[in-house]
Amino acid sequence: MISLADIDKIFRDEAGRALATLIRLVGDFDLAEDALQDAFAVALERWSAGEVPDNPRAWLVNVGRNKATDRVRRQAVFRGKQQALVHELELELELNAQAPAEPPAMLDDDMLRLIFTCCHPAFAAEVQVALTLRTVCGLSMAQVARAFLVGEDAMAQRLVRAKQKIRLAGIPYEVPEHAALAPRLNGVLAVIYLVFTEGYVATSGADLMRPDLAVEAIRLGRLLDRLMPDRAAIKGLLALMLLHDARRAGRETAAGDIVLLEEQDRSLWDRAQIEQGLRLVDDALRVPGRPQPYVVQAAIAALHARAPSYEQTDWPQIAGLYEVLLRINPSPVIELNHAAAVSMVDGPARALDLVDAIAARGGLDGYELLPAVRADLLRRLERKEEAREAYRVATEATQLEPLRRLYARRVRELG
């Protein structure tokens, strides 16, 4: 008999694609979300008492679309509205088509359609990202709100307005024609990277990583590269994701504890995937035009991948590439990463000055990694009391259990 934890993992793994397919079938974000929740409830009851189907996603889609039809039928009876009856008939026609066992690996992929819908130019960049977090990553409303440092009610209202706009304005659920791709590309790249980032380091919970999301983001990156070939930004993002994900097997212990980069067994890294990433970096660098942020980040990841050990990493070049990145895409997060690289070149004292300057400007208020980086620099400077306090702040700021355990370990090491 399958455990509740295993069922929950299946739900997390399948939620994004199942929701994307349901949105295509029913044409409405809210109806699709409600239908998927209904399907989860049925699955929890049936799977706990029996066997999980061979294809959980197809099962969830089938049950979800039936639940959507039931909801529309009940609304039609309750309200007596002709429009709802028409919607029901349209759904019935859709339901005649059997859901595919696996989403087709082609350019009209359901998940890619969903991301292009979320990244419509009519939405502000923040709303594009929030919609993706909620629908593609499957994060809770509380987690989405926390990512933007706003209240849960305020974020819920933003997403409700965005979904209403999709419905009332008739924004198509599709990958647009080539002429309309470019205005959405930056948003699409940002949200694909966001999906990957949530897979690489989860926002919260018991697990450090969600490999299903990382793999999905890489798959979407490959599709986008096919859709829009010879784009440096796309190749750079795909390379960046491949190079980071190649280290997955070395990033945690069997017990789920974090293994830091300096401690990782590099023989566990996926060398075939690293080679793919390195080739893509070279391809991206050959594309004419101004430097692209994802390409520079991929070049940094390539230096880590090529280094035979942590000590032999080309830290001066990494610090220099972060300076390039700051010129073309300035942000406090990149400044923080630059400071971490500077600590390996000029020492932790110089880096601490940079981190404290970032904190003084208030650009990263609420960003949980700021106190973590500061704590590590203080630890290396043997300023133990200050380091303990910084680790305490970092612990309170994170909702990810492996990070909490890492900070607790560092505090124990301080004595």
Side-chain angles (χ1 to χ4, degrees), residues 5 9 12-13 137 139 143 192-219 221 237-278 280-281 294 297-315 318 322 333 336-337 340-341 343-344 367-373 375-376 379-380 391 394-395 397-413:
K9 184 178 185 304
R12 288 194 295 137
D13 290 349
C137 296
L139 299 190
Q143 290 171 321
I192 289 177
Y193 191 36
L194 183 67
V195 174
F196 177 81
T197 301
E198 181 65 23
Y200 187 72
V201 180
T203 303
S204 62
D207 299 324
L208 172 64
M209 297 177 283
R210 288 190 58 184
D212 58 305
L213 288 180
V215 170
E216 176 67 5
I218 290 171
R219 185 186 73 84
L237 175 58
L238 182 54
L240 177 63
M241 295 189 296
L242 285 168
L243 291 169
H244 280 322
D245 186 64
R247 304 201 297 260
R248 188 198 312 165
R251 294 185 59 229
E252 64 178 355
T253 67
D257 290 326
I258 296 174
V259 180
L260 298 173
L261 182 60
E262 58 263 36
E263 302 167 347
Q264 288 176 21
D265 179 355
R266 297 186 177 218
S267 68
L268 297 175
W269 293 1
D270 187 333
R271 286 294 156 187
Q273 192 163 306
I274 287 173
E275 288 304 317
Q276 292 178 45
L278 294 178
L280 279 164
V281 172
Y294 290 120
Q297 291 180 72
I300 292 170
L303 288 171
H304 285 296
R306 287 189 169 108
S309 69
Y310 186 77
E311 293 73 21
Q312 293 172 280
T313 303
D314 191 343
W315 291 108
I318 288 175
Y322 272 120
V333 172
L336 187 64
N337 290 331
S343 76
M344 302 303 297
Y367 184 62
E368 62 192 58
L369 293 184
L370 176 63
V373 171
D376 184 65
R379 177 185 64 84
R380 289 165 57 188
Y391 279 124
T395 300
T398 186
Q399 295 183 10
L400 186 63
E401 289 305 319
L403 276 178
R404 288 177 179 270
R405 293 197 298 272
L406 172 64
Y407 301 152
R409 189 185 86 193
R410 287 302 199 200
V411 169
R412 289 194 300 272
E413 291 169 353

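Values reported hereafter were calculated over all heavy atoms of this structure, with side chains retained and with hydrogens, waters and symmetry mates removed.
In this view, Arg405 and Asp257, Glu401, Pro402 satisfy the side-chain contact (heavy atoms from CB on, under 4.5 Å) rule, not counting sequence neighbours. In this view, Leu403 and Ile258, Glu368, Thr398, Leu400, Leu406, Tyr407 satisfy the side-chain contact (heavy atoms from CB on, under 4.5 Å) rule, not counting sequence neighbours. With sequence neighbours left out, Arg380 forms a side-chain hydrogen bond (donor to acceptor under 3.5 Å, both in side chains) with Ser343.
Atoms OH and CD, from Tyr193 and Gln297 in turn, are 5.0 Å apart once rounded to the nearest 0.5 Å. Between Thr313 atom OG1 and Arg306 atom CZ the span is 13.0 Å, to the nearest 0.5 Å. Taken to the nearest 0.5 Å, the CG atom of Leu240 stands 8.0 Å off from the OG1 atom of Thr197. Between atom CG of residue Asp13 and atom CZ of residue Arg210 there is a gap of 7.0 Å, rounded to the nearest 0.5 Å.
Across every non-hydrogen atom of Thr395 and Arg404, the tightest pair is O-NH1, 3.4 Å. Smallest separation of non-hydrogen atoms from Ala202 and Asp207: CB-O, 3.6 Å. Of all the heavy atoms in Leu213 and Gly199, the pair that sits closest is CB-CA, 3.8 Å. Looking at every heavy atom in both residues, Pro211 comes nearest to Arg248 through CB-NH1, 3.8 Å. Closest approach of Gln264 and Val259 over heavy atoms only: NE2-O, 3.1 Å. For Ile318 against Ala341, the heavy-atom pair with the smallest separation is CG2-CB, 4.0 Å.
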Exercise for the section: Tell me, with the steps shown, if Glu311 and Met344 meet side chain to side chain contact (heavy atoms under 4.5 Å, CB included). Expected result: CA-CA 9 Å; Glu311 293 73 21; Met344 302 303 297; over 6 Å; no

Exercise for the section: Determine, step by step, whether Ile192 and Arg219 satisfy the side chain to side chain contact (heavy atoms under 4.5 Å, CB included) criterion, reporting the C-alpha distance in whole Å, the side-chain angles of both residues, the deciding distance to 0.1 Å, and the verdict. Expected result: CA-CA 10 Å; Ile192 289 177; Arg219 185 186 73 84; over 6 Å; no

Problem - salt bridge (Lys or Arg N to Asp or Glu O under 4.0 Å) assessment of Glu413 paired with Arg409 - result: CA-CA 6 Å; Glu413 291 169 353; Arg409 189 185 86 193; 3.5 Å; yes

Practice task
Could you walk me through whether Tyr367 and Leu336 pass side chain to side chain contact (heavy atoms under 4.5 Å, CB included), step by step?
Solution key: CA-CA 11 Å; Tyr367 184 62; Leu336 187 64; 3.8 Å; yes

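Side-chain contact between Leu238 and Gln276: absent, with no pair of heavy atoms (C-beta onward) separated by less than 4.5 Å. Side-chain contact between Asp245 and Phe196 is present, with heavy atoms from C-beta onward closer than 4.5 Å. Residues Leu242 and Asp270 are not in side-chain contact: their nearest non-hydrogen atoms beyond the backbone lie 4.5 Å or more apart.
With no hydrogens or angles considered, a side-chain donor-acceptor pair links Arg247 and Tyr200 at under 3.5 Å. Between the side chains of Gln399 and Thr203, no donor-acceptor pair is found at a separation under 3.5 Å.
Put simply, the side chain of Gln312 never gets that close to the backbone of Ala307: no donor and acceptor are under 3.5 Å apart.
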